[in-house]
Amino acid sequence: TGVGLDVDSAAYAAEFGVAVSRTGSRTILVDCDLRAMGLTKLFNQSNHTGVSDVLGRTVLPGESTEVYVATGHENLSLFPAGSNSTSGLL
């Protein structure tokens, strides 16, 4: 669901994240939509470790695996939805 029936929530969140990052604030977008993976797809980061991997304990926070990925925008990083394997999480 989005902020309105005709608005994509991932696109809205991405635009907001870009706007905040342009103020000079370091910004992280977290894609917790494990089904649609809207932010992850929007930034073309589908093959990265992310939220579902941490929740499924295939990756633990603090391990050497990098979970934040660059978005191409200064000061803006993405914590992707994770692997497509969300069985057991949803």
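Nothing here was measured: the structure is a model prediction, and the numbers come from that model.
- A donor-acceptor pair under 3.5 Å is absent between the side-chain atoms of S77 and the main chain of A70, judged by distance alone.
- Within the model, atoms CE of M37 and OG of S83 stand 8.5 Å from one another, a figure rounded to the nearest 0.5 Å.
- Side-chain contact between L29 and F43 is present, with at least one heavy-atom pair separated by less than 4.5 Å.
- Closest approach of T23 and V20 over heavy atoms only: OG1-O, 2.6 Å.
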Test side-chain contact (heavy atoms from CB on, under 4.5 Å) on D31 and F79 and set out the steps.
CA-CA 6 Å; D31 191 353; F79 187 12; over 6 Å; no
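- Here the closest heavy-atom approach between residue A14 and residue L42 is recorded as CB-CD2, 3.4 Å.
- Taken to the nearest 0.5 Å, the CZ atom of R22 stands 7.0 Å off from the NE2 atom of H73.
- Grouping the Ile, Leu, Val, Met, Phe, Trp and Tyr side chains by contacts below 4.5 angstrom, directly or via other members, places V54 with V30.
- For the residue pair N75 / T27, no side-chain donor-acceptor distance below 3.5 Å is found, with atom types taken as modelled.
- One distance of note links CD of E74 with OG of S21; it measures 8.0 Å at 0.5 Å rounding.
- In the hydrophobic cluster analysis, where Ile, Leu, Val, Met, Phe, Trp and Tyr join through side-chain heavy atoms closer than 4.5 angstrom, L76 is grouped apart from Y68.
- Using a distance-only test at 3.5 Å, with no hydrogens or angles considered, no donor-acceptor pair links the side chain of D33 to the main chain of G38.
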Check the pair L34 / L55 against side-chain contact (heavy atoms from CB on, under 4.5 Å), numbers first and verdict last.
CA-CA 11 Å; L34 303 183; L55 292 175; 4.3 Å; yes
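- Checked options L39, I28, V67; the residue passing with L78 is L39 (criterion: side chain to side chain contact (heavy atoms under 4.5 Å, CB included)).
- A donor-acceptor pair under 3.5 Å is absent between the side-chain atoms of T40 and the main chain of Q45, judged by distance alone.
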